[in-house]
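Lettering of chains follows the sequences in order, A, B, ..., and the numbering in each one begins at 1. These numbers come from a predicted model, not from an experiment.
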Amino acid sequence: MVDEEDPKEYRWETGYEKTWEAIKEDDEGFLEASVADIVQRAKRKRQAQKQPNTKLGMMRHLYIIIDCSDSMSNQDLKPTRLLCTIKLLELFIEEFFDQNPISQMGAIIMQNKRAERISELAGNARKHIKAINNLNRTSLNGEPSLQNGLNMALKSLKLLPTHASREILIVMGSLTTCDPGDINITIDMLKAEGVRCSIIGLAAEVHICRQLAVETGGTYNVILDDSHYKDLLFQHIEPPPAAVCLESSLIKMGFPHQMVVEGTEEPLTMCMCHVDSTDEGSKLTTGGYYCPQCCSKYCELPVECRVCGLTLVSAPHLARSYHHLFPAANYKEIDYDSRATICYACQKAFGDTDKNIYRCPNCEKIFCIDCDIFIHETLHTCPGCATNLSLFQNHNSE
Amino acid sequence: MADNGISSSHQVNSVLIQPANLECKNLYDYLTTRPPTVLERLYNHPTICLAVYRELPELARQYVIRILFVEQPVPQAVVASWGHQAFSKEHVYVSKVLTDLFVWQEAAIPGGLPGWILSSTFKRNLKIALLGGGKPWSMSSALDPDSKARDVAFLDAYSAERWECVLHYMVGSQQQEGISADAVRILLHAGLMKRDEDDGSPVITRQGFQFLLLDRQAQVWHFVLQYLDTVQQRGLDLAECLTFLFQLSFSTLGKDYSTEGMSSGLLIFLQHLREFGLVYQRKRKAGRFYPTRLALNITSSQAKGAPVLEEDAPKGYIIVETNYRVYAYTDSNLQVALLGLFTDLLYRFPNVVVGVLTRDSIRQALRGGITAEQIIGYLKQHAHPQMLQTESSHTLPPTVVDQIKLWELERNRLVYSDGVLYSQFLSQADFNVLREYAQSSGYLIWSNKEKRTMVVNKSGHEDVKKFWKRYSKGN
Amino acid sequence: MNNVTPANENPTEFSSADETSLLVIILDTNPGQRILRENPHILTQCVDSVIAFANSHLMQKAQNKLAMMACHSKSSEFIYPGANKPLDIRQIDGQYEIFTLVEKTVKANLAKFIASESIALTNESLLAGAIAMALCYIHRIQRTKPPGCKLNSRILVVTGSGDSAFQYMSYMNVFFTAQKLSVVIDVCALDQHLSLLQQGCDITSGLYLKVPQLQGLLQYLLWVFLPEPPIRPKLVLPPPVKVDYRAACFCHRELIDIGYVCSVCLSIFCKFSPICTTCHTVFKIPGPLAVKSKKKKIKL
């Protein structure tokens with residue numbers, strides 16, 4: 001963990017230094033190509049930083065703490081800080097569960113020196129999005145209390161098993177916090193429990209926030225504008241490296257499958273998730289997922305069996321996370337020398353506009369820059385390696 | 001009617017009702033108005049079958065392909081069971097289209113059930129188009145390579161120049177040479193232009209303006225249909241021309257085709273198409289011709305100018321801002337002139353024109369007979385790629401679109417309906433009785449108690465008159 | 001009387017007439033497939049059926065696009081449009097010129113492709129890789145399409161080989177990518193039941209069909225796979241089957257109901273072991289009991 005402050009941490013001190021020097025006009029005097037180039041380069045750089053085979057905290061338990069004090073009504077983000085945050089969080093939650101399907105999330109708001117939990121730790125994206133959307137109607141008033149927020153999150157994160165990765169993400173609009181006690185004690189407790197706290201500041205850098213992030217191994221960033229905000233938020237979608245104190249263990253899980261007997265109609269049954277609620281979901285249905293241990297029925301996965309405590313998932317849920325662990329190999333950038341004529345994956349013919357082409361170190365196939373980014377950001381499988389049996393087997397047996 | 005004190009007078013409103021708008025037929029409308037024997041003859045050509053197939057509704061296309069390889073009639077109940085219950089309305093519609101076009105016919109199945117069977121000519125020729133067999137459409141296979149082959153860019157420039165020549169002529173721009181008397185005759189026939197009452201020179205009509213605002217594909221199709229109307233007077237064979245037209249429509253851009261084996265009638269037809277830029281020929285007797293983009297997929301006007309997945313398709317050039325400003329990146333006089341129909345032009349630079357949409361400019365266009373839909377359609381069709389890139393589903397700013405529609409509605413505060421005026425009632429009681437009657441039967445359009453006047457609609461006139469006769473006799 | 005031109009009220013309006021539809025067909029040409037080993041001539045029949053199907057797709061709408069790939073055990077290649085310059089085709093019979101071009105190109109490229117392959121008899125084709133290539137291709141088309149153009153893309157896999165768990169990860173990656181790009185994956189199985197690819201169909205809401213008899217391949221293709229996803233709800237098509245989403249353990253590649261998952265790398269094992277074979281993590285010894293007691297705490 002970093003103890004001393006890095007003097008070059010500020011975004012405005014490093015990131016955009018003399019960016020105009022990198023921008024060059026193309027033959028027709030347009031800048032677009034050059035700007036697109038910078039964006040692509042940044043993406044590649046981030047990609048290259050990812051280290052394969054580092055231990056990642058895959059079973060994430062994340063609390064989002066949202067500042068709902070009156071500073072969030074500021075209009076420096078359009079239309080207001082809060083509405084902009086709600087919009088981005090919606091996208092974030094969806095993407096988060098898409099990429100981390102067996103993880104759980106909860107949300108807390110800070111307002112009027114109090115903290116209030118608006119959704120419990122759970123793995124259902126829809127519930128959280130609904131809760132976040134309801135924030136539209138809350139009145140923003142008072143000051144936030146960082147300590148109360150952290151304490152509330154810590155109380156529920158403490159109870160988690162040791163193999164779970166615990167995280168807190170704070171969206172802070174206010175420059176002040178009004179706490180009932182010494183926040184340093186809370187920070188020490190968080191550190192002891194291995195909770196990683198990250199903060200996104202919407203206004204300006206605050207010392208206590210930086211201290212919190214540095215102490216607990218999280219990140220602290222202040223946004224420049226809404227697109228930068230989105231960028232920072234979405235960096236939290238990738239699972240972080242596992243904390244040192246994180247224990248690893250084998251977790252028993254059930255893989256339910258539908259019980260279908262050919263030719264017979266399924267009986268109408270009640271699912272366990274809706275058994276004691278009266279809202280629209282509680283109906284007798286056919287179909288569903290049955291716990292392989294105790295045969296209770298659930299209508300959605302992933303879920304924890306209410307009867308026997310077994311975690312029920314389906315294989316694709318796990319598979320969605322595999323690419324974090326087994327990313328496609330980084331391609332090597334080489335100069336375009338007109339020997340390779342087309343991109344192996346998308347069949348694009350290379351022309352003079354392609355300055356660089358990219359070669360996979362395993363299968364030695366050549367790709368264009370767009371495919372390089374697409375393959376590493378979305379597909380996570382090298383088409384060259386995956387269509388070659390000998391390489392494929394090597395790669396798999398590693 | 002003076003005997004019983006009532007005079008009724010016909011009010012002819014048709015003069016007030018605006019003249020008919022430009023009527024655009026699609027291939028389906030066109031073919032259903034042809035007699036079945038003509039259709040049967042047309043289906044002898046794989047090209048026409050292919051064109052008709054593509055014009056069918058999506059569901060109908062699935063039906064046809066499902067029974068394409070079936071030799072016996074298929075029970076109607078079976079065909080109906082292919083679609084979901086919820087879409088049975090569409091099924092009925094689709095069956096009607098297929099029957100109207102004689103693509104399939106009713107046939108009894110042994111056992112008495114009604115069934116459908118594909119028209120054998122249609123089936124045979126569609127199969128040929130899909131799988132091969134039969135005779136080639138033209139004699140192009142014997143053609144040796146063109147020593148001066150033309151590329152796609154050249155053909156595009158050529159066709160655009162030819163077609164714009166026609167449009168320029170219509171708006172009366174300077175470039176009037178290069179259009180034949182024949183083309184003028186077609187424009188007049190189509191009602192796009194009419195002879196000026198004073199000097200007999202052709203001037204553009206209301207339909208003509210609307211025609212100008214259509215997208216290019218629709219313009220060509222409309223024009224060709226009008227041309228086909230006159231084909232028989234020219235002594236050409238309609239079926240032959242249609243076949244050739246669709247043959248062109250299914251040819252490949254940038255390839256040359258041979259004129260060998262074409263009848264003299266077709267060669268004349270080819271020269272006409274050449275004039276409008278649908279085909280390119282170096283010389284009249286060159287023996288080969290190149291179809292241009294205008295001729296390709298001539299019937300697919302239903303796409304409504306939606307961008308297609310072609311790398312070299314023409315790009316839009318108009319940007320509309322929420323402040324009603326219009327920027328058009330163009331140097332074509334024609335496009336500027338068209339834009340000038342409904343915008344106030346502010347500045348003109350070598351490659352861009354700036355204008356603004358105002359109430360006056362739009363109303364002027366509306367008075368000229370252009371509809372709001374057409375203005376919006378035009379702006380949408382030629383929207384600059386930047387406009388299309390925006391995330392929202394609207395290409396144009398919704399406020400501008402709504403405002404243009406409102407400006408149009410402003411002019412439509414009057415509702416016209418044909419009616420018959422009843423007046424000069426002798427007593428209030430008479431008036432009341434008749435008004436009661438007309439009102440209860442739903443014929444009454446308007447009435448005024450003080451003036452003892454009422455208007456009933458035309459269809460109710462006979463009925464009301466009879467009632468009045470009965471009533472006045474009874475008294 | 002309003003002078004707005006009445007909208008065309010007929011039901012054609014609610015079809016997707018102005019959308020472009022891109023179909024990528026992946027044809028498994030691996031000679032190691034059981035059906036091809038027994039009767040090599042079946043390949044010709046399959047290729048003919050698939051070409052006729054591809055042309056039917058192009059016949060639907062003038063805007064429709066097509067790409068075709070051949071997939072082998074060693075490599076996959078685009079056989080239409082193909083990397084080379086398009087063939088110069090003159091019409092030889094009554095067939096639509098473009099259809100002739102498709103047929104000739106596919107056959108020429110396929111012959112070249114098969115000749116270049118050394119004959120290695122494995123009965124597993126690397127379909128996941130082929131789908132990955134197809135997705136890159138679709139992604140490029142989507143990226144470079146003119147703005148405002150609507151594009152529906154789908155992939156049809158026609159294969160007679162089996163699917164085994166060793167491509168599992170690649171399969172899952174391509175399925176989720178397809179889902180993200182909203183590309184529909186349809187699968188036509190010629191010989192064996194393909195449980196993994198069936199999962200892909202389920203994830204991307206495509207159709208899965210195991211052809212009962214090869215003779216009628218073209219008819220099956222036309223009936224089931226020709227309708228594009230937007231009009232599929234209007235037709236009665238094979239109902240989606242219940243898909244078995246059980247996991248296969250990493251140690252024996254067997255489907256299991258209850259297993260153990262490594263908290264670090266999410267590998268699945270059918271028995272408890274002290275060290276994870278994938279990421280070499282050493283686990284705490286307390287077995288399932290301890291885990292269970294902790295699980296209970298969460299519920300509090």
Exercise. Given side chains that start at C-beta, do those of A:Leu250 and C:Phe272 come closer than 4.5 Å, heavy atoms only?
Worked result: yes
Exercise. Tell me, side chain or backbone of A:Tyr344 under 4.5 Å from chain C's heavy atoms, or both, or neither?
Worked result: both
Seminar exercise, completed: C:Tyr80 meets the ring pair (Phe, Tyr, Trp, His ring centres under 6.0 Å) criterion, sequence neighbours left out, with none
For this session: Go through the atoms of C:Phe269 and report whether side chain, backbone, both or neither lie under 4.5 Å from a heavy atom of chain A.
Result: side chain
Exercise. So which part of A:Ile102 gets closer than 4.5 Å to some heavy atom of chain C, the side chain, the backbone, both or neither?
Worked result: side chain
Problem set entry | Distance (rounded to the nearest 0.5 Å) between A:His380 NE2 and C:Ser170 OG | 12.5 Å
For this session: Sort out for me which of A:Asp370, A:Asp98, A:Ile342 touches chain C most, counting heavy-atom pairs under 4.5 Å.
Result: A:Asp370
Seminar exercise, completed: The reported gap from CE in C:Met133 to CG in A:Leu379 (rounded to nearest 0.5 angstrom) is 11.5 Å
Seminar exercise, completed: So CD1 of A:Ile375 and OG1 of C:Thr177: to nearest 0.5 Å the spacing works out to 10.5 Å
For this session: Answer whether the closest heavy-atom distance between the side chains of A:Phe255 and C:Ile258 falls below 4.5 Å.
Result: no
Exercise. Roughly how far, to the nearest 0.5 Å, is CD1 of C:Ile203 from CZ of A:Arg320?
Worked result: 7.0 Å
Problem set entry | Close side-chain approach of C:Leu181 to A:Phe374, heavy-atom, < 4.5 Å | yes
Exercise. Once you round to the nearest 0.5 Å, how far does NZ of A:Lys348 lie from SG of C:Cys136?
Worked result: 12.5 Å
For this session: Can you see which heavy atom on A:Thr387 is nearest to which on C:Ser76, and at what distance?
Result: CG2-OG, 3.6 Å
For this session: Heavy-atom distances under 4.5 Å only: say whether C:Gln199 touches chain A with side chain, backbone, both or neither.
Result: side chain
Problem set entry | Most chain C-contacting option - heavy-atom pairs closer than 4.5 Å, from A:Pro316, A:Pro383, A:Gly254 | A:Pro316
Exercise. Under a 4.0 Å N-O cut-off, is there an ion pair linking C:Lys180 with A:Glu95?
Worked result: yes
Exercise. Which of the residues C:Val174, C:Leu135, C:Ile268, C:Ile138 is involved in the greatest number of heavy-atom pairs with chain A at under 4.5 angstrom?
Worked result: C:Ile268
Seminar exercise, completed: Taken to the nearest 0.5 Å, the spacing of A:Cys346 SG from C:Phe78 CZ works out to 8.5 Å
Problem set entry | Within-4.5 Å side-chain heavy-atom neighbours: C:Arg140 and A:Gln347 | yes
For this session: Measure distances from A:Leu312 to the heavy atoms of chain C and classify the residue's part below 4.5 Å as side chain, backbone, both or neither.
Result: neither
